[in-house]
Colleague: 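Handing you a structure now.
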Protein chains: 2
Amino acid sequence: MNNSASPRTTASRGRIRRENEARILEAAERVFAETGLAGATMSQIAQAAGLPKANLHYYFGTKEQLYQAVLTAILELWLDATDAMLPESDPALALAGYVRAKMRHSRTRPFASRVFANELLSGAPYLTDYLEIDLKQRVEAKSRIIAGWISEGRMAALDPRHLFFMIWAMTQTYADFAVQIRAVMNVESLDDDAWEEATGEVISFVLRGCGITPAASAP
Amino acid sequence: MNNSASPRTTASRGRIRRENEARILEAAERVFAETGLAGATMSQIAQAAGLPKANLHYYFGTKEQLYQAVLTAILELWLDATDAMLPESDPALALAGYVRAKMRHSRTRPFASRVFANELLSGAPYLTDYLEIDLKQRVEAKSRIIAGWISEGRMAALDPRHLFFMIWAMTQTYADFAVQIRAVMNVESLDDDAWEEATGEVISFVLRGCGITPAASAP
DNA sequence: AAACAAGTTGACCAAGCGGTCAATTTCTTT
DNA sequence: AAAGAAATTGACCGCTTGGTCAACTTGTTT
């Protein structure tokens with residue numbers, strides 16, 4: 001339509017807003033990750049973002065609204081991982097892929113994971129709808145698929161819901177409790193190899209735990 | 001010596017102090033569990049303990065000192081569970097017992113678990129010594145035992161340290177992220193049966209994950 | 001019952017909090 | 001280049017915070 005007439009115009013309208021909002025959201029995620037909503041202060045976030053405090057209020061209103069914006073962004077990220085689990089999938093490949101995706105999240109977005117953990121620890125006051133509607137239905141849907149695999153004898157009999165709890169716990173622990181892992185492993189940070197090894201350990205453990213012999217890795 | 005002369009005396013000296021400190025510690029654990037050190041307020045804790053705020057300061061000094069007292073009490077509790085894992089133990093029984101003890105902790109002391117989780121999420125500023133010295137050495141000691149079991153062919157080959165990370169994660173998730181579990185399971189709280197079932201699921205999963213056939217349950 | 005220690009608590013304080021606002025600068029549009 | 005919209009920010013405000021204290025009550029010892 002008019003994008004050839006004014007390419008700079010439509011691209012630049014709200015450009016500053018978008019950039020600053022992203023910048024603030026990123027800083028807020030880091031700060032909320034450490035101390036949660038109640039513990040974080042707007043000054044901390046402002047300093048982390050390199051902007052005056054009044055600027056955050058200009059873009060996001062209140063601390064609660066900024067927090068909700070952070071949570072919303074995280075949920076959008078969260079909801080993508082499960083979707084490779086289909087009835088006709090090979091359980092080994094599907095589960096391994098799911099664990100691998102979750103481990104990648106823990107590595108690439110550890111702050112998101114920690115914000116989520118903080119929110120759950122404080123009773124999830126801003127996530128009740130997500131937990132009771134969205135997450136619950138997704139788990140039920142995926143649980144039916146896993147129940148199908150079980151009844152076909154393709155994996156051990158277990159409660160799929162608990163399997164999800166355990167997989168979430170095992171994968172997110174590498175983001176949420178990274179200090180503990182670094183201390184025990186005696187390293188300053190986990191490098192590529194350490195992450196690949198951790199991912200492998202979790203995948204093997206999960207597959208064996210599901211009664212799947214972790215042989216099929218070749219196409 | 002003089003304990004028969006004044007039985008009430010020695011028993012009652014500091015009795016009030018002990019009772020009030022315990023009462024405050026219990027309330028503080030609950031409040032710190034929800035929002036961590038930075039998020040909790042002394043007024044909240046005072047209200048939870050049913051005492052005036054000035055009273056908490058009389059017994060514990062500052063908020064940080066109260067927090068450290070809470071952490072110390074938790075660590076004493078924490079450090080007991082591992083000690084049933086000996087080289088000559090049956091791996092199946094030892095691991096099952098360890099998981100069961102951890103699950104019992106999650107049920108009976110969920111607030112302790114959450115205080116710990118909050119502390120780790122904020123980078124464990126008050127636990128670096130514990131993590132880097134105490135915990136690290138315990139893990140190394142127990143890892144040697146597990147490595148022994150592996151080399152004897154009594155369980156699958158895996159990195160014992162990652163096994164610990166996974167077991168801690170799986171068991172503590174039932175305390176730390178209980179909201180999520182209640183939402184997905186669609187219950188207001190987990191009853192005896194639900195906890196027994198969850199414990200069973202985790203134990204079976206861990207044993208299979210370790211390559212142990214979960215047959216031996218009879219004495 | 002006298003004397004002292006231990007415990008209680010309302011009132012108070014400086015500091016930091018979330019949030020507002022008006023004055024100003026910078027962008028964008030025409 | 002004019003004009004209006006968007007963005008910036010130091011100064012400020014009422015309120016809550018962690019913490020103190022002095023006056024007081026309760027418990028313990030002799």
Side-chain angles (χ1 to χ4, degrees), chain A residues 1-25 27-28 31-32 34-71 122 125-126, chain B residues 1-25 27-28 31-32 34-71 122 125-126:
Chain A
M1 285 289 188
N2 62 349
N3 61 349
S4 65
S6 55
R8 249 191 347 240
T9 300
T10 45
S12 57
R13 194 184 343 142
R15 196 201 77 235
I16 296 179
R17 179 166 208 105
R18 241 178 298 119
E19 285 176 4
N20 279 340
E21 282 183 354
R23 193 170 166 182
I24 294 168
L25 281 173
V31 175
F32 283 136
E34 262 198 37
T35 46
L37 171 60
T41 75
M42 292 299 271
S43 328
Q44 279 181 290
I45 300 173
Q47 198 174 357
L51 293 170
K53 196 184 64 170
N55 210 312
L56 315 201
H57 288 286
Y58 173 72
Y59 283 111
F60 287 97
T62 71
K63 185 167 92 159
E64 261 85 11
Q65 287 174 297
L66 173 55
Y67 181 69
Q68 277 180 308
V70 170
L71 273 186
S122 50
Y126 293 86
Chain B
M1 283 291 187
N2 62 349
N3 62 349
S4 65
S6 54
R8 247 191 345 241
T9 298
T10 46
S12 57
R13 192 177 353 137
R15 197 200 77 236
I16 297 179
R17 180 168 205 101
R18 241 179 298 117
E19 285 176 3
N20 279 340
E21 282 184 353
R23 193 170 166 183
I24 294 168
L25 281 173
V31 175
F32 283 135
E34 263 199 34
T35 45
L37 169 61
T41 74
M42 291 299 273
S43 329
Q44 278 181 290
I45 299 172
Q47 198 174 356
L51 293 170
K53 197 184 63 169
N55 212 310
L56 315 202
H57 288 286
Y58 173 72
Y59 283 111
F60 287 96
T62 69
K63 187 168 91 160
E64 262 85 12
Q65 286 174 296
L66 173 54
Y67 181 69
Q68 276 180 309
V70 170
L71 274 186
S122 48
Y126 294 87

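Each chain gets a letter, A, B and so on, in the order the sequences are listed, and its residues count up from 1. It should be emphasised that the depicted structure is a prediction, and the values quoted were computed from it without experimental measurement.
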Colleague: Distance check needed: C:dC17 C1' versus A:M42 CE, whole Å only.
Modeller: 11 Å

Colleague: Could you measure the distance from the OH atom of B:Y59 to the CG atom of B:L25? Nearest 0.5 Å is fine.
Modeller: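 Between atom OH of B:Y59 and atom CG of B:L25 there are 12.0 Å.
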
Colleague: Using whole Å, report how far OH of B:Y67 lies from P of D:dT17.
Modeller: 19 Å

Colleague: Hey, does A:L66 have a side-chain heavy atom less than 4.5 Å from the side chain of A:F32?
Modeller: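 Contact flag for A:F32/A:L66 side chains = yes.
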
Colleague: Nearest heavy-atom pair of A:A46 and A:L56: which atoms, and what distance?
Modeller: N-CD1, 3.7 Å

Colleague: What is the separation between atom CZ on B:F32 and atom C1' on D:dG18, rounded to the nearest whole Å?
Modeller: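 From B:F32 CZ to D:dG18 C1': 12 Å.
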
Colleague: Rounded to whole angstrom units, what separation is found between the NZ atom of B:K63 and the P atom of C:dA15?
Modeller: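 Rounding to the nearest Å, NZ of B:K63 and P of C:dA15 are 18 Å apart.
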
Colleague: Within this structure, what is the CD-to-P distance between A:E19 and C:dT26, rounded to whole angstrom?
Modeller: 17 Å

Colleague: Calculate the interatomic distance between B:L37 atom CG and D:dT17 atom C1'; express it in whole Å.
Modeller: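 So the CG-C1' distance, B:L37 to D:dT17, works out to 13 Å.
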
Colleague: Are A:N20 and A:Y58 packed together at the side-chain level, in the sense that at least one heavy-atom pair is separated by less than 4.5 angstrom?
Modeller: no

Colleague: Could you tell me how far apart B:I45 (CD1) and D:dG19 (C1') are, to the nearest whole angstrom?
Modeller: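 To the nearest whole Å, that distance equals 14 Å.
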
Colleague: Apply salt bridge (Lys or Arg N to Asp or Glu O under 4.0 Å) to residues B:E19 and B:R15 and explain how you reach the verdict.
Modeller: CA-CA 6 Å; B:E19 285 176 3; B:R15 197 200 77 236; 3.4 Å; yes

Colleague: Using a cut-off of 4.0 Å on non-hydrogen atoms, how would the nucleic acid contact of B:A40 be classed: base, sugar-phosphate, or nothing?
Modeller: sugar-phosphate

Colleague: Expressed in angstrom and rounded to an integer, what is the separation of B:Q65 atom CD from D:dG18 atom C1'?
Modeller: 12 Å

Colleague: Listed by chain and number, what are the side chain to side chain donor-acceptor pair (under 3.5 Å) partners of B:Q65, not counting sequence neighbours?
Modeller: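 B:T62.
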
Colleague: Report all interatomic pairs (protein N or O, nucleotide N or O of nucleotides 5-10 of chain C) with separations under 3.5 Å.
Modeller:
| residue | atom | partner | partner atom | Å |
| --- | --- | --- | --- | --- |
| C:dG7 | OP1 | B:R17 | N | 3.3 |
| C:dG7 | OP2 | B:R17 | NH1 | 3.2 |
| C:dG7 | OP2 | B:Y58 | OH | 3.1 |
| C:dT8 | OP1 | B:N20 | ND2 | 3.2 |
| C:dT8 | OP2 | B:N20 | ND2 | 3.1 |
| C:dT8 | OP2 | B:N55 | OD1 | 3.3 |
| C:dT8 | OP2 | B:N55 | ND2 | 3.4 |
| C:dT8 | OP2 | B:Y59 | OH | 2.9 |

